[in-house]
Amino acid sequence: MNVNEVTWQYVREHRMDDVRRLALSGGKSAEVDMPFALQQIAGWQTARRKLPSWAAVEGVIYPPHLNMEQCSSEETARYKGSLTPDPSPSEKGTFVDLTGGFGIDFYWMSQKFGKRTYVERNADLCDIARHNFQQLGLEAEVVCAEAEDFLKEMPPVDALFLDPARRDQHGSRTYGIEDCTPNVLELLPLLKEKADRIILKLSPMLDWRKAVSDLGGVSEVHIVSVDNECKELLLVISSKLSGGLRLACVNNNTSFEFVPIGETAGSHGGNHRFPSLEPMVSFVGTSGFLYLFEPNASIMKAGCFGEVAEAFGVNPLSANSHLFVSDHEVRDFPGRQFVVETMTSMNKQELKQALAGIDQANIAVRNFPLTAEQLRKKLKIKDGGDMFIFGTTLSDGTHKLFICRKIG
């Protein structure tokens with residue numbers, strides 16, 4: 001891409017500055033391509049937090065704001081890289097990304113392959129990808145084409161990746177698989193014919209069980225969160241199905257992996273098994289301590305609470321509260337854990353006694369008749385501090401508040 005050195009120098013000198021102020025002040029030299037320079041400065045500032053490895057490489061070109069916001073983070077792209085198969089030592093392997101975009105996922109997912117092909121319908125993004133892959137030292141074929149057209153002519157490959165666009169022709173968000181571009185459901189027979197392993201990135205808003213049912217042949221489901229915010233739903237379709245459907249709930253560097261109850265590869269089962277709900281008094285051991293556990297966002301999205309209870313030996317407060325308790329700490333629990341200082345009903349006298357000395361707390365509700373803000377107003381306490389109050393409903397239908405301190 002032809003960009004003069006004066007413009008690049010301007011970008012380097014002002015990359016830490018406020019882009020809006022720079023836009024108002026204008027360039028000091030007529031040689032500076034201001035629209036390009038501002039796009040690069042804004043892109044680099046986003047990349048510093050989202051793509052640190054790329055931000056550290058001089059000369060990487062960043063696309064417009066929308067593409068930067070929509071692209072994967074380095075952390076989630078690296079995770080997707082772990083889902084691609086390892087080619088045998090005697091074969092270099094082939095990988096194709098049919099929806100290349102800015103190329104973040106392609107870069108990390110294609111590393112282990114000898115032949116890498118990036119496909120993208122947007123010519124500007126293709127130009128950026130060619131330039132950036134050269135800057136980053138990645139040998140790759142860049143093809144500007146519609147995914148559907150390239151797929152028809154493509155020879156069989158080891159692994160294929162698609163991240164279908166989740167916006168319609170008017171720019172509005174779409175979530176259903178059939179509403180995305182390209183339509184994976186229509187392409188599915190050809191995709192399965194062309195690749196041993198297909199990795200799909202879908203909206204985290206989708207019901208993963210329905211997606212598994214709609215697609216068929218899904219061997220793995222990965223629900224990926226970063227800092228407890230659900231970011232991606234990844235489905236793997238493999239020609240080499242092995243046993244039950246595997247589900248991984250990931251948050252940062254922790255992963256809870258299991259075979260969902262009632263699910264087999266390609267099936268659409270349910271998850272209704274829970275350990276027996278014991279009386280509250282039985283949760284408190286001889287030490288008198290009670291610990292409360294809140295699953296992370298990926299677990300909540302998966303909805304596999306029976307598996308969590310079984311795997312970590314914790315007891316659900318009720319079938320719909322999605323909170324667990326135990327008489328001991330569980331160090332590797334996938335979520336937050338708290339020590340319960342007291343429990344109280346919504347009785348005014350009990351509340352007054354339980355909240356004595358507490359004027360500030362973090363409030364959350366699970367399966368509770370009030371919102372967190374309504375509960376805060378009722379309790380008349382400020383937000384924040386190191387105390388946590390969970391409002392929930394027990395298996396016998398009673399409403400309880402758990403007043404806790406976070407562990408760790």
Side-chain angles (χ1 to χ4, degrees), residues 1-82 84 95-97 99-144 161 163 201 226-227 231 252-253:
M1 300 183 74
N2 297 321
V3 181
N4 64 57
E5 180 55 32
V6 176
T7 299
W8 278 121
Q9 184 61 32
Y10 183 89
V11 170
R12 288 190 287 268
E13 290 175 355
H14 296 279
R15 61 174 44 172
M16 299 296 292
D17 295 346
D18 187 298
V19 176
R20 289 168 296 183
R21 290 184 180 179
L22 290 175
L24 291 173
S25 64
K28 293 182 179 180
S29 170
E31 294 181 67
V32 175
D33 181 343
M34 281 301 289
F36 178 84
L38 295 175
Q39 179 176 303
Q40 296 316 299
I41 293 168
W44 182 83
Q45 290 175 358
T46 299
R48 282 184 73 201
R49 59 176 172 78
K50 196 172 183 178
L51 311 166
S53 293
W54 282 34
V57 176
E58 196 68 35
V60 167
I61 290 179
Y62 300 101
H65 174 75
L66 181 61
N67 298 107
M68 285 300 295
E69 289 304 311
Q70 290 179 340
C71 78
S72 296
S73 66
E74 181 172 323
E75 185 170 354
T76 59
R78 283 177 181 269
Y79 182 80
K80 285 191 281 292
S82 70
T84 55
F95 174 80
V96 172
D97 182 342
T99 51
F102 184 33
I104 305 301
D105 287 327
F106 175 80
Y107 177 80
W108 291 108
M109 296 180 76
S110 68
Q111 292 285 333
K112 65 184 74 169
F113 295 90
K115 181 173 175 55
R116 316 172 183 95
T117 304
Y118 159 109
V119 181
E120 169 57 47
R121 63 194 297 192
N122 184 306
D124 291 338
L125 288 177
C126 287
D127 289 342
I128 291 173
R130 287 190 189 93
H131 171 88
N132 286 344
F133 295 154
Q134 185 174 5
Q135 295 297 116
L136 295 160
L138 182 74
E139 292 186 11
E141 179 185 11
V142 174
V143 178
C144 187
F161 175 67
D163 176 10
K201 175 183 172 182
V226 176
D227 296 334
K231 294 290 188 180
N252 295 356
N253 296 321

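Quick caveat, the model's predicted, so the values are computed rather than measured.
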Determine yes or no for a side-chain-to-main-chain donor-acceptor pair under 3.5 angstrom, with [X] supplying the side chain and [Y] the backbone.
{"X": "E120", "Y": "D127", "answer": "no"}
{"X": "Y79", "Y": "N253", "answer": "no"}
{"X": "R116", "Y": "E139", "answer": "yes"}
{"X": "K201", "Y": "F161", "answer": "no"}
{"X": "T46", "Y": "A42", "answer": "yes"}

Compare all side-chain heavy atoms of [X] with those of [Y] and state whether any distance is below 4.5 angstrom.
{"X": "W108", "Y": "E74", "value": "yes"}
{"X": "V226", "Y": "N252", "value": "yes"}
{"X": "F102", "Y": "L51", "value": "yes"}
{"X": "W44", "Y": "W54", "value": "no"}
{"X": "Y10", "Y": "I41", "value": "yes"}
{"X": "P63", "Y": "L125", "value": "yes"}
{"X": "L138", "Y": "Q111", "value": "yes"}

Distance check, rounded to the nearest 0.5 Å: [X] atom [atom1] versus [Y] atom [atom2]?
{"X": "D97", "Y": "D105", "atom1": "CG", "atom2": "CG", "value": "7.0 Å"}
{"X": "T76", "Y": "K231", "atom1": "OG1", "atom2": "NZ", "value": "8.5 Å"}
{"X": "I104", "Y": "N132", "atom1": "CD1", "atom2": "CG", "value": "8.0 Å"}
{"X": "N122", "Y": "T99", "atom1": "CG", "atom2": "OG1", "value": "12.5 Å"}
{"X": "D33", "Y": "Q39", "atom1": "CG", "atom2": "CD", "value": "9.5 Å"}
{"X": "R78", "Y": "S73", "atom1": "CZ", "atom2": "OG", "value": "10.5 Å"}

Requested in this report: Please indicate whether E13 has more than 12 foreign heavy atoms, meaning atoms of other residues, nucleotides or ligands, lying under 6.0 Å from its CD.
Outcome: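 Yes - once you tally the heavy atoms of other residues, nucleotides and ligands closer than 6.0 Å, there are more than 12.
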Of all the heavy-atom pairs spanning [X] and [Y], show the shortest one and how long it is.
{"X": "Y118", "Y": "G101", "value": "OH-O, 2.5 Å"}
{"X": "R15", "Y": "Q45", "value": "O-NE2, 2.8 Å"}
{"X": "C126", "Y": "V142", "value": "O-CG1, 3.8 Å"}
{"X": "C144", "Y": "A123", "value": "SG-CA, 3.7 Å"}
{"X": "G103", "Y": "F133", "value": "O-CE2, 4.2 Å"}
{"X": "E58", "Y": "Q135", "value": "O-NE2, 3.1 Å"}

Query raised in the report: Salt bridge or not for R12 and E5, using N-O below 4.0 Å?
Result: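 Salt bridge between R12 and E5, a charged N being under 4.0 Å from a carboxylate O: yes.
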Query - Test side chain to side chain contact (heavy atoms under 4.5 Å, CB included) applied to D18 and M16, R21, H14, the passing residue - result: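 Of M16, R21, H14, side chain to side chain contact (heavy atoms under 4.5 Å, CB included) with D18 is met by R21 alone.
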Requested in this report: Begin with the C-alpha distance, continue with both residues' side-chain angles, and end with the deciding distance and a verdict on side chain to side chain contact (heavy atoms under 4.5 Å, CB included) for V143 and T117.
Outcome: CA-CA 7 Å; V143 178; T117 304; 4.0 Å; yes
Report task. Assign the ring pair F95 / F106 to parallel, tilted or perpendicular, where the plane angle (0 to 90°) is split at 30° and 60°. Result ->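 Ring orientation of F95 relative to F106: tilted.
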Report task. Could you check E31 against T7 for side chain to side chain contact (heavy atoms under 4.5 Å, CB included), going step by step and ending with a plain yes or no? Result -> CA-CA 7 Å; E31 294 181 67; T7 299; over 6 Å; no
Report task. Go through the steps to decide whether E141 and K115 satisfy the test side chain to side chain contact (heavy atoms under 4.5 Å, CB included), and finish with yes or no. Result -> CA-CA 8 Å; E141 179 185 11; K115 181 173 175 55; 3.5 Å; yes
